[in-house]
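Step one of this worksheet: look at the structure below.
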Amino acid sequence: MDFDFIVIGAGSAGCAVAAGLAQARIGSVCVLEAGPGDAVPQVKIPFGLLYTMGSKRDWNFKSTPQTNADNRVFKINRGLMVGGSSSINSMVWFRGRADDFDNWQQPGWRWKDVEQDFIDIEQRMQPQQIPTPHPLSVAFAKSFRANSDAPPTPERESAGLFNTNSRNGRRWSAADAFLRPAMRTHGLKVITGANVNRISFESGRAKRVELVDGRVINARRGIVLSAGSIGSPSILMRSGIGPAAQLTQLGIDVNVDSPQVGQNLSDHPVIGMHHEGRHSGYGLVWSQTMQWAASPIQWLAQRRGRLTSNFVEAGAFFRVNPVTADDDRPECQVHFIPYMMGYKGKSITSGSGYFADVGVCRPVSRGSLTLSSADPRATPNIDLGVLKEEQDVRTLVGGFRRLRALLANAPMGDRRAPEVYPGPSVTSDEAITEHVRARSGTAYHPVGTLAMGEQKTPVTNTLQLRGVDALWVADASVMPSITSANTNAPSMMIGHRAAKLILDEVKN
Ligand SMILES: Cc1cc2nc3c(=O)[nH]c(=O)nc-3n(C[C@H](O)[C@H](O)[C@H](O)COP(=O)(O)OP(=O)(O)OC[C@H]3O[C@@H](n4cnc5c(N)ncnc54)[C@H](O)[C@@H]3O)c2cc1C
């Protein structure tokens, strides 16, 4: 099989870059996706997230034991299907702060450069609030301003109902917005079940993609790696691009010694609290039996009701430390979920209640990813670096206190429920820190493992892989640092911008 361009991975960024290339009509474009299609109810119905996480449409990665979080192994969910993580995520839509992009300090990626890309992708995504938010989410949304309908923003302290990548009560993924339209009108080809092992080169030029099942696909003009922050560096290292000594040890021939491949891994650490009470949030209780029973019919007939919920319906951004002359940026983001979530190790529990977590917007801890074997079926060693730096722990402890105060003051009326976990007795710095180390998670936002930058970084600011020709990277792995909120929209922006950068290069 031969194509002009091959895109590896049909995720948030991959769908956008593939559509941009196909639209330009500069040759045939094929997307290789390891997972299956996305045409199943559990992907289309927002509430189905509960069933896709941990399913065969999830890579189900696991971290190495996290030494600063009680040696716990963290689940690392990633979408394994058409649409990638935009088909499994909680659909919360944020561009990030304008100065997140300025602070990348990369020519071509400042806010003034990327703003138009966000406007373009939002024309296709049309981010919007879910049709029927729970009254508790509406109440939490009033935490800072009682009369505002606006979503919260990382630009300032604020609370609100989130915008989501849903449309008319159903998930609207990167595949809906970019991939399928390009398949229909521009002849874009998508091959599912195509798990990529490695890329091979001829005279320093990326030429072929070898699949795990032995198939080989040729790329006449170039290859774009969009397999995400875990997949992309893993494929590169198997292709002989990475830290030379490590690759040699695994018996992989080195093509480019690139020591920073897999380094600089960053994710938003989060810590939560659970509230439980009668007639509070959604939950598995007898008194909600009728509503649960009616919900599929309501979704089918009206595209409304609890099945349109993306779980993470509302949230906030706030400061923890006093504002200084040169820094007034909110340090924390809150996700508010009007459901009784399981705790103490359970993912689902009976009862009615709500849950909220607080995360660090710009964590300073960094982790890394290395291969455990040259075998593509082996899981890589993923050290998330959670809470490596004390500053992140302090921010979470301060954020936890402030979140507790917000929840206590939100106008929840008779739906308010007491905190049951970790519980009101956990108040001292020591006790909250212990809770943070014992129970923190991440927001499923790994980025930065193939950061773009100058000289020694794996990728240039035009997204070319350093040291070889005709190979580009376009996904969340190229972010030099994590954006201040959820990372789906910035990943799509990267894919959308990548198509323009690649076209500039191949047309000249
Ligand atoms: C459970 C969950 C909840 C989240 N919630 C939110 C949210 O509410 N809002 C938000 O903004 N962000 C959220 N995120 C994060 C966001 O979805 C990601 O940051 C974003 O989708 C990353 O885009 P990407 O293109 O880098 O990677 P992905 O979208 O993950 O795409 C990578 C694609 O490459 C494929 N691939 C990987 N390896 C190979 C291989 N070897 N061969 C072929 N194909 C391969 C994968 O199957 C996948 O389709 C969430 C993520 C998860 C997992």
Side-chain angles (χ1 to χ4, degrees), residues 6-18 31-38 46 49-50 52-54 57-61 75-96 125 127 162-166 171 173-175 178-179 190-199 209-213 224-236 238-239 267-268 310-313 315 333 335 376-377 380 441-450 473-479 482-483 485-495 498:
I6 295 176
V7 177
I8 302 175
S12 301
C15 290
V17 69
V31 184
L32 302 176
E33 168 55 46
D38 59 345
L49 164 62
L50 200 65
T52 45
M53 279 176 80
R57 286 185 167 77
D58 183 348
W59 284 89
N60 285 305
F61 292 117
K75 284 185 185 165
I76 306 175
N77 307 87
R78 306 312 302 151
L80 169 59
M81 66 183 120
V82 167
S85 297
S86 77
S87 291
I88 200 176
N89 70 12
S90 318
M91 308 182 351
V92 175
W93 186 265
F94 277 109
R95 295 174 173 185
M125 298 302 295
F162 285 145
N163 269 343
T164 62
N165 49 285
S166 67
R171 177 185 293 275
S173 72
F178 294 97
L179 202 74
V190 179
I191 304 179
T192 53
N195 190 359
V196 172
N197 176 9
R198 57 197 292 271
I199 297 163
V209 176
E210 299 173 20
L211 303 189
V212 174
D213 61 16
V224 187
L225 194 46
S226 296
S229 293
I230 311 295
S232 288
S234 302
I235 292 171
L236 269 191
R238 291 198 293 269
S239 312
D267 200 339
H268 292 125
N310 61 325
F311 288 88
V312 191
E313 294 186 356
Q333 178 180 8
H335 293 115
R377 284 165 291 250
T442 71
Y444 311 113
H445 298 159
V447 306
T449 45
L450 294 172
V473 184
D475 57 31
S477 70
V478 304
M479 294 187 200
I482 199 162
T483 51
N486 314 63
T487 49
N488 185 36
S491 307
M492 273 188 211
M493 178 279 287
I494 289 167

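The model shown is predicted, which means the values in this text are computed figures rather than measured ones. Numbering of ligands and ligand atoms starts at 1, following listing order.
The heavy-atom pair separating Ser491 from Ala13 by the smallest distance is O-CB, 3.3 Å. Between Val31 and Ala18, the shortest heavy-atom distance links the atoms CG2-CB, 3.5 Å. For the pair Leu211 and Ala194, the tightest heavy-atom approach, listed with the atom from each and the gap, is CD1-CB, 3.8 Å.
Counting protein heavy atoms only, atom 53 (C) of ligand 1 is closest to Asn77 O, 3.0 Å. Annotation: atom 22 (C) of ligand 1 to nearest protein heavy atom, Ser491 OG, 3.5 Å. Looking only at heavy atoms of the protein, atom 18 (C) of ligand 1 is closest to Arg78 NH2, 3.6 Å. In terms of protein heavy-atom proximity, atom 39 (C) of ligand 1 is nearest to Trp59 CZ2, 3.7 Å. Protein heavy atom closest to atom 42 (N) of ligand 1, with residue, atom name and distance, is Val196 N, 2.8 Å. For atom 52 (C) of ligand 1, the closest non-hydrogen atom on the protein side is Tyr444 CB, 3.5 Å. At the shortest separation from atom 19 (O) of ligand 1 among protein heavy atoms lies Thr487 OG1, 2.6 Å. Scanning all protein heavy atoms for the shortest distance to atom 27 (O) of ligand 1 gives Gly228 CA, 3.7 Å.
Each of the atoms 42 (N), 43 (C) of ligand 1 lies under 4.0 Å from some heavy atom of Ala194. Listed by number with element, the atoms of ligand 1 under 4.0 Å from a non-hydrogen atom of Gly84 are 29 (O), 48 (C), 49 (O). Counting atoms of ligand 1 from 1 in the listed order, those under 4.0 Å from a heavy atom of Ala34 are 42 (N), 43 (C), 44 (N), 45 (C).
If you look at Ser226 next to ligand 1, the close heavy atoms, those under 4.0 Å, all belong to the backbone. Contact annotation: for Phe94 versus ligand 1, there are no heavy atoms closer than 4.0 Å. The residue Val82 has no part lying near ligand 1, judged by heavy-atom distances below 4.0 Å.
Proximity annotation for atom 4 (C) of ligand 1: of Asn195, Thr483, Val92, Asn89, Asn89 comes nearest, heavy atoms only. Nearest-residue assignment for atom 32 (C) of ligand 1 (options Ala227, Gly9, Ser234; heavy-atom criterion): Ala227. Comparing Pro376, Ala10, Ser85 by heavy-atom distance to atom 29 (O) of ligand 1, the nearest is Ser85.
Between Trp93 and ligand 1, no N or O atom pair is found at a separation short of 3.5 Å. For ligand 1, the polar-atom distance check finds no N/O of Ala443 at less than 3.5 Å from any of the ligand's N/O atoms. At a 3.5 angstrom cut-off on N or O pairs, Ala489 does not count as close to ligand 1. Inclusion of Met53 in the set of residues having an N or O under 3.5 Å from an N or O of ligand 1 is not warranted. For ligand 1, the polar-atom distance check against Ala476 finds a nitrogen or oxygen pair separated by under 3.5 Å. The shortest N/O to N/O separation between Gly79 and ligand 1 falls below 3.5 Å. Between Ile88 and ligand 1, no N or O atom pair is found at a separation short of 3.5 Å. The N/O atoms of Glu33, backbone and side chain alike, include one that comes under 3.5 Å of an N/O atom in ligand 1. By the 3.5 Å distance cut-off applied to N or O atoms, Ser477 is not counted among the residues near ligand 1.
Here CE of Met91 is found 6.0 Å from CG of Asn165. Values are rounded to the nearest 0.5 Å. To the nearest 0.5 Å, the span separating CG on Asp58 from CE on Met81 amounts to 7.5 Å.
With sequence neighbours excluded, the residues that form a side chain to side chain contact (heavy atoms under 4.5 Å, CB included) with Asn197 are Val212, Arg238, Pro376.
Proximity of a side-chain donor or acceptor of Arg78 to a complementary backbone N or O of Tyr444 within less than 3.5 Å is detected. A donor-acceptor contact shorter than 3.5 Å is absent between the side chain of Ser173 and the backbone of Ser86. Between the side chain of Ser232 and the backbone N or O of Ala227, at least one donor-acceptor pair lies under 3.5 Å. Proximity of a side-chain donor or acceptor of Ser85 to a complementary backbone N or O of Gly79 within less than 3.5 Å is detected. Remark: side-chain polar atoms of Thr449 are not paired, donor with acceptor, to backbone N or O of Ser477 under 3.5 angstrom. At distances below 3.5 Å, at least one donor-acceptor pair connects side-chain atoms of Arg57 with backbone N or O atoms of Gly37. A distance-only check finds a donor-acceptor pair linking the side chain of Arg171 to the backbone of Asn89 [under 3.5 Å]. Put simply, the side chain of Asn486 never gets that close to the backbone of Asn488: no donor and acceptor are under 3.5 Å apart.
Within the structure, ligand 1 lacks Met492 among the residues with a heavy atom less than 4.0 angstrom away. Ligand 1 is never approached by Ser229 to a heavy-atom distance shorter than 4.0 Å.
Thr192 has its side chain out of reach of Pro36: every pair of non-hydrogen atoms, C-beta onward, lies at least 4.5 Å apart.
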Open item on the list: Could you walk me through whether Phe311 and His335 satisfy the side chain to side chain contact (heavy atoms under 4.5 Å, CB included) test, starting with their C-alpha distance in whole Å, then the side-chain angles of each, then the deciding distance to 0.1 Å, before giving a yes or no?
Closed with: CA-CA 9 Å; Phe311 288 88; His335 293 115; over 6 Å; no

